[in-house]
Novice: 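One structure is given below, represented as structure tokens, and several questions about it will come after.
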2 protein chains.
Amino acid sequence: MGDRKPQRDAQRTRAAILDAARDAFSSRGYAAAGLREITAAAGVNPALVSRYFGSKEKLFEAALAELLDGAVLTRGPRETFGEAVVALLTDHTAARRNPLPMMLFAGADPGARAIVQRLLEELTLAPLADWLGPVEGRSRAARFAALASGLTVYRAIYPLTELASPLDPAARAWFAATFQSLVD
Amino acid sequence: MGDRKPQRDAQRTRAAILDAARDAFSSRGYAAAGLREITAAAGVNPALVSRYFGSKEKLFEAALAELLDGAVLTRGPRETFGEAVVALLTDHTAARRNPLPMMLFAGADPGARAIVQRLLEELTLAPLADWLGPVEGRSRAARFAALASGLTVYRAIYPLTELASPLDPAARAWFAATFQSLVD
DNA sequence: AGTTTATGTAAACCATCGTTTACTTAATTG
DNA sequence: CAATTAAGTAAACGATGGTTTACATAAACT
């Protein structure tokens, strides 16, 4: 038969902690998500966070970097940028891959905030500004971040029925057009 | 001479705690702002929070209600709504009167979040939806909240130079036009 | 097989925080 | 002025959380 998987596997354990951390940080926030809760969800001992990541902050950084790396905004055609972004932010099958709840929830903690600022700049704003072009690229990337964050706030943190799933059609069209206005 | 102010004054003490709480909640967030820190800034003993407000949550509610009550959006003419909102959100002299940092920072705590949702609905969204009119009034009020929150996030929590004070002129024009698109 | 290393656990440590209790002191009242 | 009430303080309580330490056991190596 197939090879029996060993009872102990550092890589698998590390990934399980990372997954549980992403879920907890996204739904309860950095400060409110306890390491005992995260490691219980992963089925391991809290002490392993120190071994594999060094600290709660480092765990947060690893989980966020993984999410931000996968969220590529600059792949599609420019003509449908607005609609593509709205789909990315409101498609419920991609909800676990949306890094914004985790980022917005972490703002209250100084250490986590510094990590978010650095990773956001390196992994999202800088590439996006490049893609948007030399004319106001930075400024338009900043507006993009603001609009995307605002939409996420009232979907994931303070849910408003008009912005929940499925997104109100008028609101959806408005957001798509407004995102699109950043590239035209 | 004028009457000597007494050394003990319940009203003054209560107001001092409320002011310190608003500042701390707005700059450090609900969970991170400790009662010892708040009462120290007000020059009083932590036990007075229990006496005057009952609990940390009630203190938060009182401080937020005071801020939301003062932020009236529906006073000016409709033609200049967009520019007026941008001025309200970016004028640094009104920074202490902007309730959004306090609200956005509180999202991680379940108790504080429930308070924000209720007060936001009663004191801001419902009146604004009325003012925006029966056609998509609720939906447009929700979009307003999203856009205003997004702008505040990258001014007060994750400051981006393009959205800091003074607001980049192109960004300012874009935000004003986008806010205005919610009333036209 | 026996030894060593890697992986995981249990329990305690130490700090912080919201809250309560017991006590002090200023202001008010009769 | 004496007595009562209002206002404020100091210190401890109970709970929680991140981290560390000491120990157990599975896997890998010679």
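Chain A is the first sequence line, chain B the second, and so forth, proteins listed ahead of strands; every chain is numbered from 1. Please read these numbers as outputs of a predicted model, since none were measured by experiment.
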Novice: On a heavy-atom basis, which atom in A:Leu68 and which in A:Pro99 lie closest, and how many Å separate them?
Specialist: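 What the structure gives for the nearest pair is CD2-CG, 3.7 Å.
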Novice: Aromatic contact between B:Phe179 and B:Phe144, with the criterion being ring centroids under 6.0 Å apart: yes or no?
Specialist: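 B:Phe179 vs B:Phe144: aromatic centres under 6.0 Å.
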Novice: Check whether any side-chain heavy atom of A:Leu18 sits under 4.5 Å from a side-chain heavy atom of A:Leu59, and report yes or no.
Specialist: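 The answer is yes, as the side chains (C-beta and beyond) meet within the 4.5 Å cut-off.
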Novice: Might you point out which heavy atoms bring B:Ala63 and B:Met102 nearest each other, and give the distance in Å?
Specialist: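 For B:Ala63 and B:Met102, the tightest heavy-atom pair comes out as CB-CE, 3.7 Å.
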Novice: Could you summarise the pairing of DNA chain D as dot-bracket text, marking Watson-Crick and G-U pairs under 3.5 Å with ( ) or [ ] inside the strand and | across strands?
Specialist: ||||||||||||||||||||||||||||||
Novice: For DNA chain D, which residues of residues 49-64 of chain B approach it to below 4.0 angstrom with any heavy atom?
Specialist: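 Those residues are B:Arg51, B:Tyr52.
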Novice: Of the listed nucleotides (D:dT20, C:dA6, C:dA26), which one gets closest to any side-chain atom of A:Ala47?
Specialist: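 Nearest nucleotide to the side chain: D:dT20.
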Novice: The side chain of A:Arg8 lies closest to which of these nucleotides: D:dA27, D:dT25, D:dT9?
Specialist: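 My answer, after comparing the listed nucleotides, is D:dT25.
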Novice: Can you name the nearest heavy-atom pair linking B:Gln180 to B:Phe81, along with the distance?
Specialist: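 That closest heavy-atom pairing would be OE1-N, 3.3 Å.
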Novice: Is a donor-acceptor contact shorter than 3.5 angstrom present between the side chain of B:Asp9 and the base of D:dA7?
Specialist: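 Counting by modelled atom types and ignoring angles, no donor-acceptor contact under 3.5 Å is found here.
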Novice: Which pairs pass side chain to side chain donor-acceptor pair (under 3.5 Å) with one or both residues in residues 115-141 of chain B, sequence neighbours excluded?
Specialist: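 Qualifying pairs: A:Glu162-B:Arg138, A:Asp168-B:Ser139, B:Glu61-B:Arg118, B:Glu121-B:Arg138, B:Glu136-B:Arg143, B:Ser139-B:Arg143.
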Novice: Check whether any side-chain N or O of A:Thr13 sits under 4.0 Å from OP1 or OP2 of C:dG8, and answer yes or no.
Specialist: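 The answer is yes; a side-chain N or O of A:Thr13 sits under 4.0 Å from OP1 or OP2.
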Novice: Do the side-chain N and O atoms of A:Arg8 and A:Thr13 include a donor-acceptor pair separated by under 3.5 angstrom?
Specialist: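 Absent: no donor and acceptor within the cut-off.
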Novice: Rounding to a whole Å, what distance do you find between B:Leu48:CG and D:dA10:P?
Specialist: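 Answer to the nearest Å: 11 Å.
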Novice: Rounded to whole angstroms, how far apart are CG on A:Asn45 and C1' on D:dA24?
Specialist: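 In whole Å, D:dA24 C1' and A:Asn45 CG are 12 Å from each other.
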Novice: Check salt bridge (charged side-chain N to carboxylate O under 4.0 Å, His left out) between B:Arg113 and all other residues, then give those that pass, not counting sequence neighbours.
Specialist: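 Once residues adjacent in sequence are excluded, B:Arg113 has no partner under the salt bridge (charged side-chain N to carboxylate O under 4.0 Å, His left out) criterion.
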Novice: Considering all heavy atoms of both residues, which atom of B:Ala148 and which atom of B:Leu89 are nearest to each other, and what is their separation?
Specialist: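 What the structure gives for the nearest pair is CB-CD1, 3.8 Å.
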Novice: In whole angstrom, what separates A:Gln7's CD from D:dA26's C1'?
Specialist: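 These atoms are roughly 7 Å apart.
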Novice: How many Å lie between CD1 on B:Ile17 and P on C:dG18, as a whole number?
Specialist: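 The answer, rounded to whole Å, is 14 Å.
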Novice: Enumerate the residues from residues 25-38 of chain A whose closest heavy atom to DNA chain D is under 4.0 Å, giving them by residue number; use none for an empty result.
Specialist: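 Correct list: A:Ala33, A:Gly34, A:Leu35, A:Arg36.
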Novice: Would B:Lys58 and B:Tyr52 count as a cation-pi pair here, with the cationic atom under 6.0 angstrom from the ring centre and within 45° of the axis?
Specialist: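 No cation-pi geometry.
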Novice: Please enumerate all residues that pass salt bridge (charged side-chain N to carboxylate O under 4.0 Å, His left out) together with B:Arg51, with sequence neighbours excluded.
Specialist: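 With sequence neighbours excluded, B:Arg51 shows a salt bridge (charged side-chain N to carboxylate O under 4.0 Å, His left out) to no residue whatsoever.
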Novice: Rounded off to whole Å, could you give me the CG-to-P distance for the B:Asp109 and C:dG18 pair?
Specialist: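 The answer, rounded to whole Å, is 10 Å.
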